[in-house]
Number of protein chains: 2
Amino acid sequence: MSLQALKQRALKNPDVKSEYEKLENEFHFIDQLIGMRIKAGLTQQQVAEKMHTQKSNISRLERGNANPNWSTLSKYAQACGFELTLTVQRSSST
Amino acid sequence: MSLQALKQRALKNPDVKSEYEKLENEFHFIDQLIGMRIKAGLTQQQVAEKMHTQKSNISRLERGNANPNWSTLSKYAQACGFELTLTVQRSSST
DNA sequence: AGCAAGGTTATCATAGATGATAACTTCACA
DNA sequence: TGTGAAGTTATCATCTATGATAACCTTGCT
C-alpha cells in the first residue's frame with residue numbers, strides 16, 4: 001500500500017479525520033516507516049528477514065496502531081538502510 | 001596504545017561496532033530526554049506528575065538502559081514542552 | 001483454471017516496558 | 001543537627017509489544 005493510499009484511506013473515516021490532528025504524530029512516523037521500506041525497494045518479507053522476524057509482524061507494525069519501542073524502530077530503519085534520529089523542538093501549541 | 005587507537009581497532013570488529021553504535025544511539029536519545037527536562041527546568045517529580053506516573057519511573061527511564069516505546073517518548077517530551085520528530089537519513093555505512 | 005508473491009489478520013506465548021510503592025542517599029539550608 | 005527536595009534503586013504486578021505460526025485475500029502471470 002502506498003503512502004498516499006494509507007493517508008487517504010484513513011481520512012475517509014470522519015472520526016479518524018477529526019482525530020487527525022491529535023494522531024498526526026503517529027500517522028507521521030508510520031508513514032515514515034513505510035516510506036523507508038518503499039524507498040529501499042524492499043518487501044515486508046525482506047525487511048522481516050533482515051530483522052530476523054516474520055512478515056506478519058512487519059505488517060502489524062505498519063498497519064496496526066503501532067507503538068513500537070526504540071529498538072524496533074531502529075532495527076526497522078537499519079533493515080531499510082536508514083538511520084533514525086530523534087529530533088526535538090519546542091512545542092508550539094498546547 | 002592510545003584510547004583512540006584502541007577504539008578504532010575495536011570498531012574494526014563488526015560485532016563490536018554494531019554494539020557500539022547501538023549504545024551510542026541509546027546514549028544519544030537518553031541525553032536528549034534529560035536535556036529536554038533540564039531545559040524545561042523541571043524535576044523528575046514534575047515530569048512524572050504531568051505524565052501521570054511516578055518519579056521513580058522517570059529516573060528509570062533516564063538512567064536505566066531504556067528502550068521506551070513511542071508513546072512514552074512522546075509523553076515525556078510533551079511533559080517537558082517539546083515535540084518529537086523521527087528524522088530519517090540514509091545510512092552512511094553498514 | 002492454477003500458482004506464486006505480497007500483504008493482512010487472527011491467535012497464542014513470552015519477554016520486557018510500564019505502573020506503583022517503599023526505602024535509600026545526597027545535598028542544601030535553616 | 002534535622003528537615004525536605006531531588007534523585008536512585010529494588011521489587012512486584014500488570015499491560016502490551018514482539019515472536020511465531022497459520023490461514024486468508026488480492027493481484028499478476030502463465
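Heavy-atom basis, side chains included; hydrogens, waters and symmetry copies ignored. Proteins come first, then strands; the chains are lettered A, B, ... in the order of their sequence lines, and each starts at number 1.
Take the nearest nucleotide of DNA chain D for B:Arg63 and for A:Pro68: the residue whose nucleotide is more 5' is B:Arg63.
Contact annotation: A:Ser59 side-chain N/O to C:dG7 OP1/OP2 distance is not under 4.0 Å.
Taking atom CG of residue A:Asn67 and atom C1' of nucleotide C:dT18, one finds them 11 Å apart after rounding to whole Å. The interatomic distance linking A:Trp70 (CH2) with C:dT18 (C1') rounds to 19 Å, in whole Å. With rounding to whole Å, A:Glu62 atom CD is found 11 Å from C:dT8 atom C1'. At whole-Å resolution of the value, CZ in B:Arg60 and P in C:dT18 are 7 Å apart. One atom, CD1 of A:Ile30, and another, P of C:dG7, lie 16 Å apart when rounded to the nearest Å. The interatomic distance linking A:Gln45 (CD) with C:dT8 (C1') rounds to 14 Å, in whole Å.
A:Gln54 places no side-chain N or O within 3.5 Å of a backbone atom of A:Ala48 that could act as its donor or acceptor partner. For B:Gln46 (side chain) and B:Thr43 (main-chain N/O), a donor-acceptor pair under 3.5 Å exists by modelled atom type.
For the pair A:Val47 and A:Cys80, the tightest heavy-atom approach, listed with the atom from each and the gap, is CG2-SG, 4.0 Å.
The structure places CD of B:Glu49 at 10.5 Å from CD1 of B:Ile58, a figure rounded to the nearest 0.5 Å. Here the CZ-OG distance, from B:Phe29 to A:Ser74, works out to 8.0 Å after rounding to the nearest 0.5 Å. With rounding to the nearest 0.5 angstrom, the OG atom of A:Ser56 is 9.5 Å from the CD atom of A:Gln45.
Between B:Glu62 and B:Arg37 there is a salt bridge, since a side-chain N of the basic residue sits under 4.0 Å from a carboxylate O of the acidic one.
There is a side-chain donor-acceptor pair under 3.5 Å between B:Thr85 and A:Gln89.
Just one residue in the list A:Thr72, A:Asn67, A:Leu73 forms a side chain to side chain contact (heavy atoms under 4.5 Å, CB included) with A:Asn69, and that residue is A:Thr72.
For DNA chain D, the contact window with chain A, defined by any atom under 4.0 Å from a protein heavy atom, covers D:dA17 to D:dA22 in 5' to 3' order.
Within residues 47-57 of chain A, the residues that place at least one heavy atom under 4.0 Å from DNA chain D are, in residue-number order, A:His52, A:Thr53, A:Gln54, A:Ser56, A:Asn57.
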